[in-house]
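What you see is a predicted model, and the numbers here were worked out from it, not measured in a lab.
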Amino acid sequence: MVNRTGAALEFEGITFRLERRRVRRARIEFVFPCPLLVVPLHADPRAVLEANRESIHRRHVRMLARWRAAADLMLLDRSEDETRRLAEIYISRYARMLGVECRRLAWRRMVGRWGTCSSNGTIRLNRFLRHLPEPLLAYVVFHETLHLLNMHHDRSFRGDIRRMFPNYRELDRQLDLYGIRMRHPGI
């Protein structure tokens, strides 16, 4: 893969990071701190931007709104011990309800996930959960505990999530904002 990083391209007041790669199609990723434009090796990046002008402006406005909302979030300062106790209570409750067993609970720093579940019964949770409100912690723990029953995000899994947390869309939106805050504390 050929990649030229560090190049910047200005388009209608928006600065894009430009990367040329061996790809078939161009794509635009709205990521912090500035959008990324990935183009095929011999493509004209300005033509890609021109062809997507309206979409770029809509997505840029949404991205800025999400970053502002993330910057306004208040982070809790719950101790790691308190967070572990809360998570253990929720795992125990949800495991009994679902008829599953969590064999091991582990904590680690994760950049892009709130938790993981392995087929051997291990649940790993993100240490950053200590900064989130308890309803979000409970939601993440339920999600990972449910994976002990069903490892896939299929229709059945989503239905179980919806039954337990009817407001799951709002919880997902909040997790997304806290994720932005977690990855970019300086915003």
Side-chain angles (χ1 to χ4, degrees), residues 1 23-25 27-32 35-36 38 58-59 62-63 65-187:
M1 179 185 310
V23 295
R24 289 184 186 186
R25 292 191 176 96
R27 73 175 184 271
I28 302 167
E29 298 174 12
F30 281 85
V31 294
F32 189 84
L36 170 66
V38 178
R58 276 195 317 274
R59 291 173 64 194
R62 278 197 312 260
M63 178 189 72
R66 287 176 57 221
W67 288 349
R68 277 192 296 274
D72 291 342
L73 291 174
M74 299 301 285
L75 300 179
L76 299 179
D77 195 20
R78 185 185 302 120
S79 74
E80 285 190 23
D81 287 340
E82 184 181 352
T83 305
R84 287 174 196 267
R85 279 192 300 275
L86 272 173
E88 288 168 0
I89 289 168
Y90 282 117
I91 287 174
S92 175
R93 180 182 303 162
Y94 297 146
R96 265 193 320 276
M97 180 178 27
L98 297 168
V100 296
E101 178 188 0
C102 174
R103 293 198 174 106
R104 182 169 166 253
L105 174 61
W107 294 84
R108 66 190 303 186
R109 290 177 189 255
M110 298 182 204
V111 175
R113 296 177 180 220
W114 293 110
T116 63
C117 179
S118 67
S119 58
N120 70 4
T122 299
I123 292 177
R124 287 179 185 81
L125 296 174
N126 189 328
R127 288 185 172 171
F128 193 81
L129 285 169
R130 68 188 287 254
H131 299 295
L132 273 58
E134 190 173 335
L136 292 177
L137 171 71
Y139 177 63
V140 169
V141 169
F142 180 77
H143 181 110
E144 298 309 329
T145 306
L146 184 57
H147 276 310
L148 295 170
L149 185 65
N150 181 351
M151 292 301 288
H152 305 286
H153 290 120
D154 57 14
R155 184 180 299 227
S156 170
F157 183 91
R158 292 189 311 268
D160 289 339
I161 291 282
R162 188 174 27 257
R163 277 186 288 286
M164 187 67 183
F165 292 92
N167 63 334
Y168 74 97
R169 283 193 174 107
E170 175 59 22
L171 296 172
D172 282 338
R173 189 187 74 74
Q174 289 177 26
L175 284 173
D176 179 52
L177 295 176
Y178 275 102
I180 292 168
R181 182 72 190 265
M182 173 183 72
R183 288 186 300 276
H184 310 290
I187 61 169

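A heavy-atom distance below 4.5 Å is found between the side chains of Thr145 and Leu98. The shortest distance between side-chain heavy atoms of Leu175 and Val140 falls below 4.5 Å. Between Leu132 and Leu76 there is no side-chain heavy-atom pair separated by less than 4.5 Å. Between Met110 and Arg124 the shortest side-chain heavy-atom distance falls below 4.5 Å. For the pair Tyr94/Leu146, no side-chain contact is recorded, criterion being any heavy-atom separation below 4.5 Å from C-beta on. Asp172 places a side-chain heavy atom less than 4.5 Å from the side chain of Tyr139. Using a 4.5 Å heavy-atom cutoff, the side chains of Met63 and Pro35 are in contact. Proximity of Leu86 to Glu134: side-chain heavy atoms (C-beta onward) are separated by under 4.5 Å at one or more points.
Distance alone, capped at 3.5 Å, is enough to place a donor-acceptor pair between the Asn126 side chain and the Arg113 backbone. In this structure, the side chain of Arg181 engages the main chain of Leu73 through a donor-acceptor pair within 3.5 Å. Using a distance-only test at 3.5 Å, with no hydrogens or angles considered, no donor-acceptor pair links the side chain of Arg27 to the main chain of Val38.
Between Met164 and Met97 the shortest heavy-atom distance is CE-CE, 3.6 Å. Residues Leu148 and Gly121 come closest through the heavy atom pair CD2-CA, 3.6 Å. Closest approach of Thr83 to Trp107, counting heavy atoms only: CG2-CH2, 3.7 Å. Taking both residues in full, the closest heavy atoms of Ala87 and Leu137 are given as N-CD2, 4.4 Å, listed atom of the first, atom of the second, then distance. Here the closest heavy-atom approach between residue Arg66 and residue Ile180 is recorded as NH2-CD1, 3.3 Å. The two residues Glu144 and Leu125 have their closest heavy-atom pair at CG-CD2, 4.2 Å.
A salt bridge links Glu170 to Arg173: one of the charged nitrogens lies within less than 4.0 Å of a carboxylate oxygen. Looking at Arg163 and Asp160, a side-chain N of the basic residue comes within less than 4.0 Å of a carboxylate O on the acidic one, giving a salt bridge. The pair Arg84-Glu88 does not count as a salt bridge, with every side-chain nitrogen at least 4.0 angstrom from each carboxylate oxygen.
Atom OG of Ser119 sits about 5.5 Å away from atom CE of Met151, to the nearest 0.5 Å. Distance check: Arg155 CZ to Asn150 CG gives 13.0 Å after rounding to the nearest 0.5 Å. One finds the CZ atom of Arg108 at 10.0 Å from the CZ atom of Arg127 (value rounded to the nearest 0.5 Å).
His152 has its ring centre no less than 6.0 Å from the ring centre of His147. For Phe157 and His143, the ring centers are positioned less than 6.0 Å apart. Here Tyr90 and Phe142 keep their ring centres 6.0 angstrom or further from each other.
Between the side chains of Thr122 and Asn120, at least one donor N or O sits under 3.5 Å from an acceptor N or O.
Atom CZ of Arg183 is surrounded by more than 12 heavy atoms from other residues, nucleotides or ligands within 6.0 Å.
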I would like to know whether Arg130 and Asp77 meet side chain to side chain contact (heavy atoms under 4.5 Å, CB included); could you show each step before the answer?
CA-CA 7 Å; Arg130 68 188 287 254; Asp77 195 20; 3.6 Å; yes
